[in-house]
Novice: 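Here's a structure for you.
Below, each value reflects all heavy atoms present in this structure, side chains not excepted, and no hydrogens, waters or symmetry copies. Order of appearance sets the numbers: ligands from 1, and atoms from 1 within every ligand. Keep in mind the model is a prediction, meaning the values are calculated, not measured.
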Amino acid sequence: MESVLPHRAARFLGDARRVVIFTGAGISAESGVPTFRDDLTGLWARFDVQRLATPEAFHADPDLVWGWYEWRRRRVRRAEPNPGHLAIATIEARVPGSTVITQNVDDLHERAGTGAVIHLHGSLFAPRCVTVAAHPATFQDPQDGDAVELHEGRRIPPPRCASCAALVRPGVVWFGEALPEAALTAAVEAAATCDVLLTVGTSGVVYPAAEIPRIAARSGATVIQVNPEPTPLDQVCAINLRGTAAQVLPALVAAAWEATAER
Ligand code: APR
């Protein structure tokens, strides 16, 4: 186990032509966005997420579900990318054949400067018509510019679709729903053809996303994990760096290009 100075990981990264960075909620933890399954800080502690993040929940109580997503969206708006997100943007800029794949519905990778991000679980910022996904998202968002402080559990009626007056729903993938096909296909393709996959801040338990690092490992890539805690992915990773994203990734990036410059 390497835990302090990730020299071996840095060599793999510095030498790689195709890098995939696969992220989960842990990458945004140090920006103040709660993770899902951490005992003390995770969303699960206060909400039964599985009961809010389903099509059935939205159907049964759209105001509660929309209010919850609105609360989460506001928290993300107030958050800033952390040094982990910035280090990932640096890797993307340094390695032309790199792909960032996230399970997160926030926009912190984009705000850190990463150009193209594959969002496997959708986005908090792409709501859509609940009936016809292709309807243009031309509804008025009543919450933008609303200064009212949201509290957890506050109900807010969703806006209506401008084309058909159906409810507008969050543009995220709920439990029991399929992942966006193009995003999943692109993610699988990138994982199957990379030299190095960095998996950062994910518990690796939600499928099919959790297949991504496993596909890379099976295809011969070196899989490197950054996570302060053990996860089920430990066994597929060649290197496990135990630490937080904001601590480990900037050091890894600095060491990667120092290591290649030395040779
Ligand atoms: N840096 C790196 N990793 C961290 C940090 C940090 N600062 N803080 C926490 N972690 C790790 C935790 O140890 C944990 O392994 O991040 C992981 C977060 O795991 P989850 O909360 O399960 O989040 P994630 O893996 O993204 O969940 C997958 O499940 O609920 C669904 O759709 C939701 O996209 C989400 C998916």
Novice: Between Glu177 and His121, do the side chains contain a donor N or O and an acceptor N or O under 3.5 Å apart?
Specialist: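 Their side chains do not contain a donor-acceptor pair, so the 3.5 Å distance test is not met.
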Novice: Would you say Thr244 has any N or O atom under 3.5 Å from an N or O of ligand 1, going by distance alone?
Specialist: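 N/O-N/O distance under 3.5 Å: no.
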Novice: Does Thr231 reach ligand 1 with a nitrogen or oxygen that is under 3.5 Å from one of the ligand's nitrogen or oxygen atoms?
Specialist: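 No: no nitrogen or oxygen of Thr231 is under 3.5 Å from one in ligand 1.
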Novice: Among Ala245, Ala246, Pro228, Pro232, whose heavy atom sits nearest atom 3 (N) of ligand 1?
Specialist: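 Among Ala245, Ala246, Pro228, Pro232, the closest heavy atom to atom 3 (N) of ligand 1 belongs to Pro228.
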Novice: Could you tell me the separation between the CZ atom of Arg155 and the CH2 atom of Trp66, rounded to the nearest 0.5 Å?
Specialist: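 Interatomic distance, Arg155 CZ to Trp66 CH2, rounded to 0.5 Å: 15.5 Å.
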Novice: Which of the numbered atoms in ligand 1 are under 4.0 angstrom from any heavy atom belonging to Glu30?
Specialist: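 Checking each atom against Glu30, I get 1 (N), 6 (C), 7 (N).
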Novice: Give the atoms of ligand 1, by number and element, whose distance to some non-hydrogen atom of Ala25 is under 4.0 Å.
Specialist: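 What qualifies from ligand 1 is 23 (O), 24 (P), 26 (O).
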Novice: Hey, could you give me the CD1/NE2 distance between Ile101 and His109, rounded to the nearest 0.5 Å?
Specialist: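 With rounding to 0.5 Å, CD1 (Ile101) is 10.5 Å from NE2 (His109).
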Novice: For atom 18 (C) of ligand 1, which candidate among Gly201, Gly24, Ala53, Gly84 provides the closest heavy atom?
Specialist: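 The nearest heavy atom belongs to Gly201.
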Novice: Counting heavy atoms only, which part of Ala29 comes closer than 4.0 Å to ligand 1: side chain, backbone, both or neither?
Specialist: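 Within the 4.0 Å criterion, Ala29 contacts ligand 1 through side-chain atoms alone.
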Novice: Are any of the side-chain nitrogens in Arg218 or Glu211 under 4.0 Å away from the carboxylate oxygens of its partner?
Specialist: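 Salt bridge between Arg218 and Glu211, a charged N being under 4.0 Å from a carboxylate O: yes.
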Novice: Side chain of Thr231, backbone of Asn227: donor and acceptor closer than 3.5 Å?
Specialist: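 No: the side chain of Thr231 does not pair with the backbone of Asn227.
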Novice: Is any NZ, NE, NH1 or NH2 atom of the basic residue among Asp106 and Arg77 found under 4.0 Å from an Asp or Glu carboxylate oxygen of the other?
Specialist: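 Salt bridge flag = no for Arg77 with Asp106.
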Novice: Who pairs with Asp195 by salt bridge (Lys or Arg N to Asp or Glu O under 4.0 Å), at least two apart in sequence or on another chain?
Specialist: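 If we apply the salt bridge (Lys or Arg N to Asp or Glu O under 4.0 Å) test to Asp195, skipping adjacent residues, there are no hits.
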Novice: List ligand 1 atoms under 4.0 Å from Glu229, heavy atoms only on the residue side.
Specialist: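 Listed by number with element, the hits are 13 (O).
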Novice: Quick one: look at Phe175 and ligand 1, take heavy-atom pairs under 4.0 Å, and tell me if it's side chain, backbone, both or neither.
Specialist: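 Side chain only; the backbone of Phe175 stays clear of ligand 1.
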Novice: Where on Val206 is there a heavy atom closer than 4.0 Å to ligand 1, on the side chain, on the backbone, on both, or on neither?
Specialist: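 Val206 to ligand 1: side-chain contact only, backbone stays beyond 4.0 Å.
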Novice: Is Arg74 close enough and on-axis enough to Trp71, meaning under 6.0 Å and within 45°, for cation-pi?
Specialist: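 Not satisfied by the 6.0 Å and 45° rule.
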Novice: Any idea which part of Gln103 is under 4.0 Å from ligand 1, heavy-atom wise: side chain, backbone, both or neither?
Specialist: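 Contact part for Gln103 vs ligand 1: both backbone and side chain.
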